[in-house]
Amino acid sequence: MDQNNIIECGGFYFIHNFDSGNLGHVERVPTELIAPGINHKTNAPETPDYEFNIWTRPDCAGTEFENGNRTWFYFGVQATEQNVLVRLNLVNLNKQGKMYNQGMAPVTRTLPGKPQWERIRDRPVHSTDDNTFMLSFKYRTADNLKATTFFAFTYPFSFAELQIALNSIDLKMLPLPPPQSPDDIYYYRECLIHSLEGRRVDLLTVSSYHGISTDREEKLTNLFPENHERPFKFPNKKVVFISARVHPGETPSSFVFNGFLNLLLTRNDPVAIQLRKLYVFKMIPFLNPDGVARGHYRTDTRGVNLNRVYLNPSLSYHPTVYASRALIRYYHFGCEKEDSFEEGNLSMRSIQNVNETSEPLETKKKKSLSPYKIGEYGKREKSSKSVGCNKSSTSIKQANASKDKNAIKNTNETGQLADQVYDMKLQEMPSQTSDASSKASDCVEPDPRSLLTCNVLRTCLGSDVHLSTSEELNLQGNNPLRPLRDTLKNSISLLMESSSSVVGDSSTEGKESMTSHVRVGWCAECRRAARRLDLTAPGLAAMLPGYTPDVDPFMTIPGPTQTRSENPKYHTIDEYREHQRQQLDYQQKMLSESSSEEKDAVYFCANCFKRYVVTGLNEEVKISEAASSGSAAVSAHSTGEGDAKPQPITEVSNTPQSAVATKEEQVKSGIKALKKKPLPPPAVSTRSAHKEQESGLYLYIDLHGHASKKGIFMYGNHFEDPESCVECMLLPRIMSLNNLHFHFSSCNFTEKNMYLKDRRDGMSREGSGRVAVLKATGLVRSYTLECNYNTGRLVNVLPPTTRDPPRASPPTTGPPAPPKYTPHIFEEVNPYQVGKSLGASILDLTGQHPNSRIPCSEHRSLPALRDWLRAHTRTAKPQC
């Protein structure tokens with residue numbers, strides 16, 4: 001019996017040495033022990049002629065990485081007798097009782113003879129004995145003794161089949177002929193990277209010639225080993241990134257991928273033409289080719305679930321996910337940027353922003369969720385974009401941060417400070433490279449014109465944080481307090497000074513204007529969040545750094561009487577003198593400000609690090625994150641729908657440095673408009689429109705298969721902002737209007753689902769592609785598309801398209817029964833399949849579909865659909 005090639009048992013030959021094959025061990029059941037069964041067609045008893053017990057190989061079987069994934073099986077049987085009844089018992093599978101209770105059945109085909117895969121006709125029987133799941137089914141051997149009958153868990157799609165399919169596309173599409181029209185297909189295939197076992201990971205680029213440039217994409221570090229030319233750039237098109245088979249056994253993802261690719265490569269389809277005109281599609285068909293080839297169900301050759309390592313993939317151990325993440329960041333930023341983690345080691349800690357939720361802080365500490373929130377992470381990515389698109393941008397690594405953290409007092413706020421300084425990407429400033437500038441940053445001799453005094457630091461960090469004196473900073477040797485302090489002041493400098501000429505003419509006022517107008521406080525949005533927090537946990541808001549309850553919201557730098565303690569205690573005479581000096585300075589500032597009430601002032605929020613302008617009429621004009629103003633990729637306008645009524649808070653987008661005058665005019669005109677128009681009554685609420693992310697990415701979808709009772713659905717991410725929630729749910733809702741089998745009610749957008757840990761390996765979904773892409777780029781449209789192996793629970797009633805002729809209403813015979821899912825359900829190019837409906841839904845997102853169903857649906861229009869989703873978010877129950 002040769003375990004490496006073919007297993008011979010009882011005169012039958014069991015074959016498993018092929019791409020995606022999986023079979024471990026076979027034993028024949030003695031004839032006298034074969035139990036009789038029932039023929040489900042005739043209900044007559046029947047006894048099989050042969051019976052075999054079969055064991056599958058777990059993922060990474062026989063290695064140190066062997067694990068408990070035992071769901072996938074794929075093998076062939078060659079018999080020595082014709083037309084005999086054989087029972088096969090798979091005795092060591094993972095429990096999948098729910099799926100088989102729904103009618104799930106393995107698939108089979110016979111070569112030669114019946115080359116098409118189909119589900120076995122005999123109803124399988126499953127049982128659980130001593131915590132062991134066993135699946136049994138029967139079949140009759142073929143008349144041709146040279147034929148081999150294959151069985152698999154579900155419809156296979158192997159690595160070899162992928163390469164054959166891609167090679168056939170290459171023969172059809174390449175070499176690209178000279179374009180005759182801008183609508184001609186632009187197709188490019190390249191090797192992104194090689195897997196651990198040397199298999200190629202393909203990257204496909206599909207678009208049209210609209211917006212094509214003569215420049216080519218850069219060859220990224222450690223990627224594209226074949227050293228061929230990269231595809232051409234499309235500067236004005238955003239990227240739709242689609243990947244599949246990160247879990248090798250989830251073959252429905254390949255069929256959805258193939259269907260969508262076939263749609264994009266259809267020359268005359270109006271949906272495909274419009275998709276290619278608007279977007280560039282970057283597609284990775286197999287993210288885990290080694291696992292696919294070895295017949296694994298969920299892991300790679302080292303037993304790793306690759307959909308849990310997107311936060312910090314290793315080039316050495318997770319090359320395919322490393323390459324995928326590098327590509328996503330490249331298309332997001334528009335250039336190659338050094339990633340923020342050290343290989344294999346990533347800290348997931350940061351300062352919590354109070355305006356993201358009013359939940360008590362103590363409750364947050366008890367949760368097992370990552371302290372990163374969506375809004376905070378998006379701001380930091382925007383901040384990193386201002387540094388510039390080059391590999392030499394400075395980032396603080398974990399090794400240095402750990403030294404800094406060991407040298408600081410062990411308090412909650414001090415630990416948060418160290419985590420924030422570690423996590424933020426900062427531009428290298430003179431204060432970090434010269435001793436003179438470092439000395440100038442000490443607390444003893446502050447620059448009276450500088451914004452980075454001890455008062456500002458204490459206001460941002462809280463009065464409990466110890467700020468070192470010059471004597472402490474000038475110790476001999478390497479003092480970890482100095483780089484930590486300078487780095488913090490550098491980060492605040494970037495946030496406060498990157499758009500210093502917001503008010504006034506920068507050519508005449510310059511630095512003097514900036515230092516005379518920028519002040520520190522809490523913006524109205526953060527103060528409202530703090531008040532909600534105080535209602536939830538009275539007294540807790542008073543402990544927030546720099547927050548002063550029951551004080552005018554547009555207060556300047558808080559004086560010593562506005563700190564956490566009403567009666568501050570002084571341990572030394574120096575502390576008392578410092579307190580008296582601060583109080584005197586504070587009173588002088590209040591007197592100078594009271595004489596110029598009508599003068600506009602720029603404020604810096606100590607909580608969210610945003611800047612805002614307060615006019616003489618006590619009206620707040622919020623300014624977008626200053627850290628993003630230096631990025632050349634930031635556009636001078638914002639998109640989105642909004643109400644035309646005047647709003648008390650006006651968002652003003654930052655522009656590049658070359659357009660400072662335009663930015664100043666926008667801010668000034670906004671301030672003048674607010675002065676002329678009174679505030680609306682408090683009862684009238686204006687709806688803030690969702691703002692498009694400043695990114696080269698438009699959409700990210702990772703394709704999967706699943707074994708639950710749900711049909712086809714999506715996982716999205718959770719957002720505190722209602723408008724971001726609406727935008728996240730928009731694509732799944734449109735999918736349910738374009739596809740018969742998509743279940744919008746099964747979609748999950750909860751925060752819990754972003755951080756849920758797997759029961760089998762304990763790894764968190766925080767490391768999945770969907771969540772990691774959001775955290776790396778701030779992309780709202782980041783999804784996991786899940787397709788059931790078997791069937792769903794419902795069939796949608798699709799509205800007609802705008803160009804469909806009117807149809808007679810069919811007789812009401814009740815809703816149709818959900819069909820058994822096949823590759824045709826996932827990939828066929830017709831209006832009812834997942835591949836085509838996904839493309840149609842992408843166009844519907846922006847109203848670009850040439851024959852949309854939305855006007856004939858219950859919603860009638862895209863704005864009405866958004867309104868429906870807003871109401872849905874308020875009434876829907878949280879999903880588990």
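The first residue of the sequence shown is numbered 1, and numbering continues consecutively from there.
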Quiz item: Distance-only, no hydrogens or angles: does the Ser314 side chain make a donor-acceptor pair with backbone N or O of Tyr317 under 3.5 Å?
Solution: yes
Quiz item: With under 30° as parallel and over 60° as perpendicular, where do the rings of Tyr789 and Tyr297 fit, or are they tilted in between?
Solution: tilted
Exercise. Determine the interplanar angle of the Phe286 and Phe159 rings, folded into 0 to 90°, and report it as parallel if under 30°, tilted if 30 to 60°, perpendicular if over 60°.
Key: tilted
Practice problem: Go through the structure and list residues passing salt bridge (charged side-chain N to carboxylate O under 4.0 Å, His left out) with Asp215, not counting sequence neighbours. | Solution: none
Practice problem: Quick one: closest heavy-atom pair of His296 and Thr301, and the distance? | Solution: CE1-CA, 4.1 Å
Exercise. Could you tell me whether the side chain of Ile712 reaches within less than 4.5 Å of the side chain of His743, counting heavy atoms only?
Key: no
Quiz prompt | Pro270 vs Asn851 side-chain heavy atoms within contact, under 4.5 Å | solution = no
Quiz item: So, His332 and Ser695: side-chain donor and acceptor under 3.5 Å apart, yes or no?
Solution: yes
Quiz item: Quick one: are Pro225 and Cys191 in side-chain contact, heavy atoms under 4.5 Å?
Solution: yes
Quiz item: Heavy atoms, side chains only, cut-off 4.5 Å: are Trp72 and Pro248 in contact?
Solution: no
Quiz item: Counting only heavy atoms not in Arg294, do more than 12 sit closer than 6.0 Å to its CZ atom?
Solution: no
Quiz item: If you measure from OG on Ser243 to CG on Leu287, what distance do you get to the nearest 0.5 Å?
Solution: 4.5 Å
Practice problem: Go through the steps to decide whether Phe281 and Phe260 satisfy the test ring pair (Phe, Tyr, Trp, His ring centres under 6.0 Å), and finish with yes or no. | Solution: CA-CA 11 Å; Phe281 293 88; Phe260 189 71; 5.6 Å; yes
Quiz prompt | Pairs touching residues 165-175 that satisfy salt bridge (charged side-chain N to carboxylate O under 4.0 Å, His left out), sequence neighbours left out | solution = Asp170-Arg189
Exercise. Please work out whether the ring planes of Tyr715 and Phe713 are parallel, tilted or perpendicular, with thresholds of 30° and 60°.
Key: perpendicular
Exercise. Report yes or no: do Asp844 and Ser852 form a side-chain donor-acceptor pair below 3.5 Å?
Key: yes
Quiz item: When the ring planes of Phe255 and Phe157 are compared, do they come out parallel, tilted or perpendicular, using 30° and 60° as the limits?
Solution: perpendicular
Quiz prompt | Side chains of Lys237 and Leu278 in contact at under 4.5 Å (non-hydrogen atoms) | solution = no
Quiz item: Pick from Lys277, His210, Arg276: which one makes a side chain to side chain donor-acceptor pair (under 3.5 Å) with Asp183?
Solution: His210
Quiz item: Should the ring pair Phe241 and Tyr700 be called parallel, tilted or perpendicular, given that the plane angle runs from 0 to 90° and is split at 30 and 60?
Solution: parallel
Quiz item: Side chain of Ser195, backbone of Arg199: donor and acceptor closer than 3.5 Å?
Solution: yes
Exercise. For Asp702 and Tyr783, indicate whether the former's side chain and the latter's backbone hold a donor-acceptor pair under 3.5 Å.
Key: no
Practice problem: Could you tell me whether the side chain of His318 reaches within less than 4.5 Å of the side chain of Leu306, counting heavy atoms only? | Solution: yes
Quiz item: Do Pro231 and Tyr186 have side chains that get closer than 4.5 Å, going by heavy atoms?
Solution: yes
